[in-house]
Amino acid sequence: MGRNRLSERAGNAAALTGVFFALALVAAMVAAFAVLAHSWLWVVALLIGAVCLLACGWSALEIVIARQMDREWRARQRGVYEARPIERRE
């Protein structure tokens, strides 16, 4: 009963997603405090937060791609992609 673990590529992308999400949350808190303080820094904080959310989505897509690559690699190791003759139905 082994647990399916993420590959190294997918694990790195998952860690990066978590880091970018945490940075986006920090930027949102800074923006909220800047609005309360009547400062103009909320604009900069929101821009940084938007960039962090974009990077978070990008690395989440990287997780999906890495997992798909791992599934195909395992299928090739099992021989699923061997050359087979074409079956004709008549």
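Basis for what follows: all heavy atoms, side chains included, without hydrogens, waters or symmetry-related copies.
- Of all heavy-atom pairs spanning T17 and S59, the tightest one is OG1-OG, 2.8 Å.
- Sparse packing is recorded around CD of E8, with 12 or fewer heavy atoms of other residues, nucleotides or ligands lying under 6.0 Å away.
- Among pairs with a residue in residues 11-39, none fulfils salt bridge (charged side-chain N to carboxylate O under 4.0 Å, His left out), at least two apart in sequence or across chains.
- By the 4.5 Å heavy-atom criterion applied to side chains, R9 and I65 are not counted as neighbours.
- Cluster annotation: W40 and I48 are assigned to the same hydrophobic cluster (Ile/Leu/Val/Met/Phe/Trp/Tyr, side-chain heavy-atom contacts under 4.5 Å, transitive).
- Here CG of N12 is found 8.5 Å from CD of E62. Values are rounded to the nearest 0.5 Å.
- Taking both residues in full, the closest heavy atoms of F21 and C56 are given as CB-SG, 4.0 Å, listed atom of the first, atom of the second, then distance.
- Rounding to the nearest 0.5 Å places CZ of F20 at 11.0 Å from CG of L53.
- Here L47 contributes atom CG and C52 contributes atom SG; the two are 11.0 Å apart, rounded to the nearest 0.5 Å.
- Side chains of R74 and Q77: a donor-acceptor N/O pair is absent below 3.5 angstrom, by distance only.
- Of all heavy-atom pairs spanning A24 and G49, the tightest one is CB-O, 4.1 Å.
- In this structure, L46 is a member of the same hydrophobic cluster as V35, with clusters built from ILVMFWY side-chain heavy atoms closer than 4.5 Å.
- Across every non-hydrogen atom of A13 and I63, the tightest pair is CB-CG1, 3.6 Å.
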